[in-house]
Structures are given as C-alpha cells and as structure tokens.
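Chain naming here is simple, since letters A, B, ... match the order of the sequence lines and numbering starts at 1 in each.
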Number of protein chains: 2
Amino acid sequence: MAGGTVSFRYFVLGLLAQRSMSGYDIKRFLKSLSWLIGSPSFGSLYPALHALLKDELVTVKVAPRKGKPPRKIYSITETGRQTLKEWMNQPLTPRAPLKAFAMRLILADNFSYAGLIAHLQQRRDQVAAHHAALEQTTKGGHGKAPLGHHLALDYGSALAIAELAWLDSTLNRLSQSSQQPLPIEVVQSDSTVPTV
Amino acid sequence: MAGGTVSFRYFVLGLLAQRSMSGYDIKRFLKSLSWLIGSPSFGSLYPALHALLKDELVTVKVAPRKGKPPRKIYSITETGRQTLKEWMNQPLTPRAPLKAFAMRLILADNFSYAGLIAHLQQRRDQVAAHHAALEQTTKGGHGKAPLGHHLALDYGSALAIAELAWLDSTLNRLSQSSQQPLPIEVVQSDSTVPTV
DNA sequence: AAGCGCATGTAAAAGGTTACATGATTAC
DNA sequence: GTAATCATGTAACCTTTTACATGCGCTT
C-alpha cells in the first residue's frame with residue numbers, strides 16, 4: 001500500500017488531473033502509449049474509477065447524448081489533487097519496474113520543477129545501480145555461462161546505457177531553461193502556485 | 001493460457017533445463033538480473049515449483065546436509081523438456097511486455113539456431129511497430145500536449161531506438177558465425193546433439 | 001545472545017485478465 | 001444485415017505480493 005506502489009488507481013487519478021475524461025477516453029489514451037505502461041483492460045479500469053469515486057477523489061457527471069448510451073465524465077476533486085500530490089512525492093522503491101517510472105513521467109505536470117528533477121535524478125541513480133549490478137554479474141560468470149545469459153546481460157546493459165543517456169540529456173535540457181531543442185513547453189511548477 | 005503467455009512457471013522450467021537447482025538457487029539467480037525480469041517472491045516461486053512437480057515436468061531430490069535443513073534439488077524430466085520446447089516455440093503476442101522477451105532470451109540455449117534468430121527478428125518487428133506508433137502519437141498531438149506526454153513519448157522513443165539497435169547488431173553477430181567480438185560461445189542447435 | 005543468511009513453506013488479500021452481458025450507431 | 005466502434009459494467013478465475021511460520025549455523 002505505502003511506498004512506491006505502482007497503483008494503477010492513482011495513475012488514473014493523475015490522468016484526470018490533466019483533464020476530465022470518461023473511462024473510454026482513458027482507455028484510448030493508454031492504448032497510444034501501451035508500450036511503456038501496458039494497456040489495462042476495462043475489467044480493471046472501471047473498478048479503479050469506481051474506487052476513486054467511493055473515496056471522493058473524483059466526481060462523475062453523466063452526459064446523456066440523445067439515443068446513445070450516456071458517457072460518464074470523471075473529474076478530480078480537491079481532495080483528489082491533495083492525495084495525488086502525496087502519492088507523487090513518495091519515492092519509488094529501487095526495484096520498481098520501468099512502468100512505474102513511466103507512469104509518473106506521463107504525469108510530470110503534477111510535479112513541481114524541483115520535484116521533476118529529483119524524480120529523474122532518482123531514476124538515474126537506480127538505473128546506474130542496476131547497470132553496475134549487471135556488469136558485476138557479467139564479470140562474475142567468466143566464460144562458463146550459457147549463451148542466453150550472455151545475451152540477456154548484454155541486452156540489459158544496452159538498455160540501461162540508453163536510458164542513462166536519455167536521463168542525462170533530459171536533465172541537462174531541463175536544467176538549462178534557456179533554450180529547448182525539443183518541442184518542450186515552459187516547465188510548469190504547480191497548478192496554483194505561480195512558479196519559482 | 002495459450003499464446004505468448006509470460007507464465008513464470010514455464011520460465012522456471014526453462015531454468016531447470018539449464019541445470020538442476022533448488023528454489024533458493026533460482027531466487028538467487030533471478031535476483032542478479034532482476035532489472036530485466038523482476039525478482040518474484042518465494043510466495044510465487046515455491047508454488048510454481050510444486051505445480052511443475054504435480055504435472056511431472058520436474059522431479060525432486062532431497063539432499064540432506066548433516067544438521068542443516070535439507071535442500072530440494074529440482075530436475076527437469078523428458079516430458080518437461082518437451083513441454084518447454086512447445087512453450088518456447090509459441091510466438092509472443094504483439095503486446096507482450098519486455099519481461100516476456102527477456103525471459104526467453106535468458107533461455108536462448110533451448111532454441112534452435114533458427115528459432116533464436118526468428119525470435120529476435122519477431123521482437124524487432126514488434127518494437128519497430130511500437131516505435132512507429134509512438135512517432136505517430138507524437139505527430140498527432142501537435143504542441144498542445146502537456147509536458148509529461150512529450151517526455152514520455154521521447155523516453156519511449158529513445159528506448160525503442162536503443163533496443164532496435166541492439167537487436168540489429170545481435171542479429172548481425174549471430175548471422176556471421178565466423179567471428180565473435182563478444183564472449184559468445186558456439187551456438188548450440190539441440191539439447192541432445194553434442195556440439196560442433 | 002542477537003542477528004543474519006540459508007532454506008522451505010502457507011494463507012490472506014490485492015490486483016489483474018478473460019469472458020460475459022447489454023445496447024446504440026455507423027460503415028460496408 | 002452484419003460487423004465494427006462506441007460505451008459501460010460484472011463475475012469467475014488466475015497470479016502475485018505480503019505477511020506469517022519454522023529452524024539451523026555462523027558471525028559479531
């Protein structure tokens with residue numbers, strides 16, 4: 001429950017903090033980046049929405065459309081924003097899957113500027129640690145390991161290096177708020193507080 | 001059940017095909033590459049072993065060690081090898097997580113040479129498709145998307161490109177069996193056939 | 001003597017997928 | 001008319017984690 005739980009429920013809450021949506025809208029959005037975080041089924045999406053509603057973190061507004069089945073538009077509440085903030089500020093456990101990091105990355109707008117930097121930095125540290133562990137394992141099993149182990153270690157290493165490179169370049173880009181080579185907008189710090 | 005099921009159970013079976021081990025041995029091994037495939041708890045590992053035993057895909061040999069609690073060494077059976085082969089030959093579904101691919105990569109020795117190439121090629125196609133989808137999404141939401149979406153899309157793209165590069169270089173290396181720049185052993189074709 | 005690493009296991013709870021159920025509109 | 005897309009939801013099933021339970025040997 002506590003700690004860096006993946007908690008799909010809170011991720012959905014975070015999406016609703018960006019804009020009010022129906023369950024179907026959320027599904028469609030998740031499908032577009034399913035590679036990063038997977039695309040959960042309705043069987044887990046709708047119950048998640050119902051749970052958020054029960055805890056009063058979101059509200060619903062039924063929007064009937066002549067003839068068609070009505071859409072249920074979910075919106076985040078103030079309590080919801082507060083809860084989301086608390087969840088976002090919990091550090092991820094060292095062995096949290098890539099998915100957990102990606103989820104928070106998508107919700108980056110809910111971070112303060114410093115929070116986002118800290119989050120990326122934390123991930124950098126963890127990936128570096130994992131990478132070091134892989135290198136260690138590679139050196140440990142000298143020659144006698146089966147082909148598959150070599151391949152997996154090499155694969156993991158390549159991905160870790162690529163992720164580190166991305167994290168470094170992104171941290172760099174964010175630190176220098178002077179120019180943005182990529183189509184990145186002005187960094188927002190909070191929904192209410194102006195900026196640093 | 002069918003299709004490219006991740007099925008931790010079969011993965012464990014595959015590890016036992018490489019060498020006989022106890023549950024604790026398996027845990028230790030998995031911990032070393034937890035970044036790729038996670039490190040499941042004993043609460044799922046032991047039941048998996050019991051299930052394999054019940055299906056007669058593995059056998060146990062209790063190895064008592066004077067005073068110490070006895071270790072249970074699991075070994076794969078012929079039926080087990082057969083079942084494993086069938087499982088390995090099922091193609092992974094397009095939306096199988098990275099974890100599923102990595103699991104089979106670790107078990108690469110159970111593939112035939114052609115099977116391994118096909119598996120890598122298949123992954124290459126899928127990653128390429130996902131990458132194309134991400135690019136499409138990036139072009140779709142022109143400018144109006146929140147910072148987090150940009151970051152996530154960019155992150156996913158960077159990882160996809162790195163994975164494609166690794167897959168290409170590995171496919172290349174495997175195709176040219178003349179020289180091996182990396183510490184890779186001679187490719188085995190079958191479990192029973194000696195080796196070249 | 002306290003704590004840690006080895007070594008195995010079970011039970012409750014949480015979370016997820018699959019399959020089912022419903023029903024309207026739009027495209028072929 | 002038949003299939004696909006939109007749109008919501010429930011129930012059975014499977015898997016996984018978490019927490020508990022046990023007990024030896026070594027080190028501090």
Side-chain angles (χ1 to χ4, degrees), chain A residues 1-13 20-32 34 37-55 58 60-74 93-97 99-100 103, chain B residues 1-13 20-32 34 37-55 58 60-74 93-97 99-100 103:
Chain A
M1 241 173 250
T5 316
V6 173
S7 232
F8 175 59
R9 190 144 74 240
Y10 289 113
F11 176 59
V12 169
L13 182 62
S20 298
M21 287 187 281
S22 71
Y24 209 85
D25 288 334
I26 293 172
K27 186 83 205 296
R28 206 184 302 122
F29 173 70
L30 293 183
K31 210 173 160 187
S32 74
S34 61
I37 52 172
S39 190
S41 62
F42 284 118
S44 72
L45 178 54
Y46 285 123
L49 250 11
H50 298 332
L52 289 175
L53 196 60
K54 200 194 65 192
D55 291 347
V58 298
V60 221
K61 202 172 186 181
V62 181
R65 296 159 307 150
K66 42 184 174 180
K68 294 184 188 179
R71 304 176 81 230
K72 291 190 175 182
I73 309 297
Y74 291 86
T93 64
R95 58 211 175 297
K99 190 179 159 184
M103 279 185 175
Chain B
M1 242 170 253
T5 315
V6 173
S7 232
F8 176 59
R9 187 143 76 238
Y10 289 113
F11 176 58
V12 169
L13 183 62
S20 297
M21 287 187 280
S22 70
Y24 210 84
D25 288 334
I26 294 172
K27 187 83 207 293
R28 205 184 302 122
F29 173 71
L30 293 184
K31 212 173 157 185
S32 74
S34 61
I37 52 172
S39 189
S41 63
F42 285 119
S44 72
L45 178 53
Y46 285 123
L49 250 11
H50 299 331
L52 289 174
L53 195 61
K54 200 194 65 191
D55 291 348
V58 298
V60 220
K61 203 172 188 183
V62 181
R65 296 158 306 149
K66 39 184 175 178
K68 294 183 191 178
R71 304 177 80 232
K72 293 190 173 180
I73 309 296
Y74 292 87
T93 63
R95 61 210 173 299
K99 190 177 160 182
M103 280 185 174

Phosphate-side-chain proximity, [X] and [N], N/O vs OP1/OP2 below 4.0 Å:
X: B/Ser44; N: D/dT17; result: yes
X: B/Lys27; N: C/dA7; result: no
X: A/Arg28; N: D/dA7; result: yes

Could you check which of C/dT17, D/dC6, C/dT10 has an atom nearest any side-chain atom of A/Pro40?
-> C/dT17

Can you check the [X] [atom1] to [N] [atom2] distance for me, whole Å?
X: A/Phe8; N: C/dG16; atom1: CZ; atom2: C1'; answer: 10 Å
X: B/Arg71; N: C/dG9; atom1: CZ; atom2: C1'; answer: 16 Å
X: A/His50; N: D/dA11; atom1: NE2; atom2: P; answer: 11 Å
X: A/Leu52; N: C/dG15; atom1: CG; atom2: P; answer: 12 Å
X: A/Leu53; N: D/dT8; atom1: CG; atom2: C1'; answer: 14 Å
X: B/Phe42; N: D/dT15; atom1: CZ; atom2: C1'; answer: 18 Å
X: A/Lys61; N: D/dA7; atom1: NZ; atom2: C1'; answer: 19 Å
X: B/Ile73; N: C/dA7; atom1: CD1; atom2: P; answer: 9 Å

Within the structure shown, what part of the strands sits under 4.0 Å from A/Gly43 by heavy-atom distance: base, sugar-phosphate, or nothing?
->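 Touches a base.
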
Decide yes or no for A/Leu52 and A/Tyr74: does some side-chain heavy atom of the first lie under 4.5 Å from some side-chain heavy atom of the second?
-> no

With the side chain counted from C-beta on, respond yes when B/Phe8 and B/Leu45 share a heavy-atom pair under 4.5 Å apart, and no when they do not.
-> yes

Which atom names give the shortest non-hydrogen contact between B/Leu49 and B/Val58, and what distance separates them?
->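 Nearest pair, atom of B/Leu49 first, then B/Val58: O-CG2, 4.3 Å.
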
Looking at B/Lys27 and B/Ser39, what are the two nearest heavy atoms and their distance?
->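 Residues B/Lys27 and B/Ser39, closest heavy atoms: CE-OG, 3.5 Å.
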
Between A/Leu45 and B/Ser22, just flag the one whose closest nucleotide in DNA chain C comes earlier from the 5' side.
-> B/Ser22

5' priority, DNA chain C, between B/Tyr46 and A/Ser41 [closest heavy atom] =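 Per heavy-atom nearest nucleotide, the more 5' residue is B/Tyr46.
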
Parallel, tilted or perpendicular for A/Tyr46 and A/Phe42, by the 30°/60° rule?
-> parallel

